[in-house]
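Structure first, then comments.
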Amino acid sequence: MKPDKLIVDGRRLDGRGPSDLRKIKIEAGVLHRADGSCYLEWGGNKVFAAVYGPREAVPRHTQNPLRAIVNARYNMAAFSVEDRKRPGPDRRSVEISKVISEALERCILTEQFPRASVDVSIEVLDAEAGTRCAGLTAAAVALVDAGIPMRDIPVACAAGKIDGHVVVDLGKEEDNFGDADLPIAIAPRTGEVLLLQMDGHLTVEEFNKAFDMAVEGCNKVSEIQKKAIMQRYHAVNEVIE
Amino acid sequence: MDQKMRRVVIPSQYLGDAGPFKAGRGTFAEAGKIYSEHLGILNQQGNVMEVVPLKGRYIPIPGDFIIGIVLEAMQSSWLVDINAPYPAVLHVNEAPWEVEFGDTSRYLNAGDSILARVLSVDESKKLQVTLKDRNLYKIKGGNILEVDASIVPRIIGKKGSMIANIKKYSRCRIFVGQNGRIWIDGPVDGIDLVLLAINKIESEAITYGLTDRVEELLKEHAKDVR
């Protein structure tokens, strides 16, 4: 059901202003079998990410004699959306897996592990718009938790256009009935863009504005990521004191 | 900086300028600035910035004493899992036995454990291990425990003080491999004590004064001391 308006008196459907993010909760090191892991809640999104490796890449022909390869696998649970999603990789999740792998690869110091692979598993348990951003953000925390050498901690956030206004971090209705969606991922230290996709139409001015807002959103999320990683080791400290 | 705490740093965290400081292990320099490379503890020695990893795979270095598990016996070598990103090769020339070609499985088979030493690591990270040294042999009996390779230095302690304590109170024979595998043999209650101590070390690896606290714990639970 399309709502009549997505913005009323400068407030969005869920009461946010144009540059407010949804609520984000990140927890690192939640799975014991994986080398590194992360659980993330971003608005209504619930995502698990697990990292294995670096380990020898199989099958062997995928090995790169000079650097490690990064295999991210994005998967949505059958119960993550309103109408049951048919399980297994589809065109959409294969694409998202690819773009996330490439974004993460840019940040990992892959040259330290020739012939190896770093495997990242991203499971979306509950979806509410912006799962690729949530998945990439969770994967980044899981990589740090696995102790993998990285030059930056990647982070993602989306911006978009609803009812003619440019806003950050689209919610479900905004994504479905809005005019445009622009998910981006950056390396926050250098500001390098790791992922940039766009769905819908934006003018050049709108694009620039949306891009800046998304980068600003990324920086906010990045702080939450870093806190979540440090949190794991503060728990240890409190026991001792 | 808190006196009792070591400083935990995360990847891409700014550590200092490349002029007054030098980028040591676990760090990288970019545009005149030094950043941490992985999650770890900052260790500043003189003007060298070094980050000791808190977690992560074992990275083999030639000369490391390790505990390996044989994966496969091949015609003239064995493949050994040493907990590194890659399996290692143990060539018959590096074994202490006279092995006929194709007769490797008479000496070591899949599933056997060995105390070995890392012989070489080449630029493509091909690993070779050796059994030709004192105190290197095939393990018979005992139990093998796996911990994260990054806490091995803490289990050993300064000049082996921690491991000496654990041995003293538990009356167990213990070998700690650099790759995070620990071999323990002894009475059942002794092994329980070792596990207790290692669990404590694992959960409090980044704090100071750990050796003393572990000794207290051991004293409390030990039945008799040799």
Side-chain angles (χ1 to χ4, degrees), chain A residues 28-29 34-37 51-58 63-68 107-109 111-118 140-155 187-190 192 222 225-241, chain B residues 2-14 25-31 33 35-41 51-60 71 79 81 83-88 121-127 148-151 200-210 213:
Chain A
D35 293 325
S37 59
V51 170
Y52 293 87
R55 58 186 178 186
E56 194 169 44
V58 280
Q63 291 180 357
N64 182 332
L66 298 177
R67 51 181 33 96
C107 285
I108 297 173
L109 292 161
E111 58 275 16
Q112 290 191 5
F113 304 102
R115 301 186 290 119
S117 77
V118 176
V141 175
L143 283 170
V144 175
D145 183 52
I148 288 170
M150 292 161 86
R151 63 184 114 242
D152 217 327
I153 305 172
V155 59
R189 182 171 61 82
T190 54
E192 196 179 4
S222 176
Q225 269 182 321
K226 287 172 184 166
K227 246 180 227 154
I229 298 160
M230 292 306 256
Q231 200 70 44
R232 249 205 108 187
Y233 294 94
H234 278 296
V236 177
N237 306 348
E238 279 156 20
V239 174
I240 312 308
E241 246 59 69
Chain B
D2 196 332
Q3 273 290 301
K4 283 194 86 175
M5 292 306 307
R6 286 145 206 266
R7 191 170 151 214
V8 178
V9 294
I10 58 176
S12 79
Q13 189 169 331
Y14 169 73
R25 262 202 270 175
T27 66
F28 64 96
E30 210 175 275
K33 287 178 170 159
Y35 301 96
S36 170
E37 184 179 279
H38 43 223
L39 179 68
I41 293 158
V51 176
V52 183
L54 265 176
K55 276 189 88 180
R57 275 290 153 111
Y58 162 64
I59 308 299
L71 293 170
L79 266 191
D81 169 32
N83 223 4
Y86 319 92
V121 182
D122 74 4
E123 66 276 16
S124 67
K125 296 276 164 108
K126 291 212 165 75
L127 310 176
D148 207 292
S150 58
I151 68 156
K200 189 169 174 75
I201 298 168
E202 258 185 318
S203 60
E204 298 174 13
I206 59 169
T207 55
Y208 282 115
L210 187 57
R213 281 201 305 282

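Heavy atoms only: backbone and side chains are in, while hydrogens, waters and symmetry mates are out. Proteins come first, then strands; the chains are lettered A, B, ... in the order of their sequence lines, and each starts at number 1.
Both the backbone and the side chain of A:A116 come within contact range of chain B, each with at least one heavy atom under 4.5 Å from a heavy atom of that chain. For A:R189, the part sitting under 4.5 Å from any heavy atom of chain B is the side chain, from C-beta outward, and nothing else. For A:I229, the part sitting under 4.5 Å from any heavy atom of chain B is the side chain, from C-beta outward, and nothing else. For B:K126, the parts lying near chain A are the backbone and the side chain together; criterion is any non-hydrogen pair under 4.5 Å. At a 4.5 Å heavy-atom cutoff, the contact between B:E30 and chain A is made by side-chain atoms alone. Residue B:S36 touches chain A through its backbone alone, counting heavy-atom pairs closer than 4.5 Å. Using a 4.5 Å cut-off between heavy atoms, A:T190 touches chain B through its side chain atoms alone.
Around the NZ atom of B:K200, the shell of radius 6.0 Å holds more than 12 heavy atoms that belong to other residues, nucleotides or ligands.
When B:P53, B:P87, B:A84, B:G26 are compared by the number of non-hydrogen pairs under 4.5 Å with chain A, B:P87 comes out ahead. Among A:R115, A:R55, A:K226, the residue with the largest count of heavy-atom pairs under 4.5 Å with chain B is A:R115.
Of the possible donor and acceptor atoms, one in the side chain of A:D145 sits under 3.5 Å from a partner among the backbone N and O of A:S37. Judged purely by atom type and a 3.5 angstrom limit, B:Y86 has no side-chain atom pairing as donor or acceptor with the backbone of B:S124. When atom types are taken as modelled, the side chain of B:R213 and the backbone of B:Y208 share a donor-acceptor pair closer than 3.5 angstrom.
Considering every non-hydrogen atom in both B:Y58 and B:P85, the closest pair reads O-CD, 3.5 Å.
Screening A:Q112, A:R151, A:M150 for a side-chain contact (heavy atoms from CB on, under 4.5 Å) with B:E37, the sole residue that qualifies is A:Q112.
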What verdict does the side-chain contact (heavy atoms from CB on, under 4.5 Å) test give for B:L39 and B:V8, after you've listed the backbone C-alpha separation in whole Å, the side-chain angles of each residue and the deciding distance to 0.1 Å? CA-CA 7 Å; B:L39 179 68; B:V8 178; 4.2 Å; yes
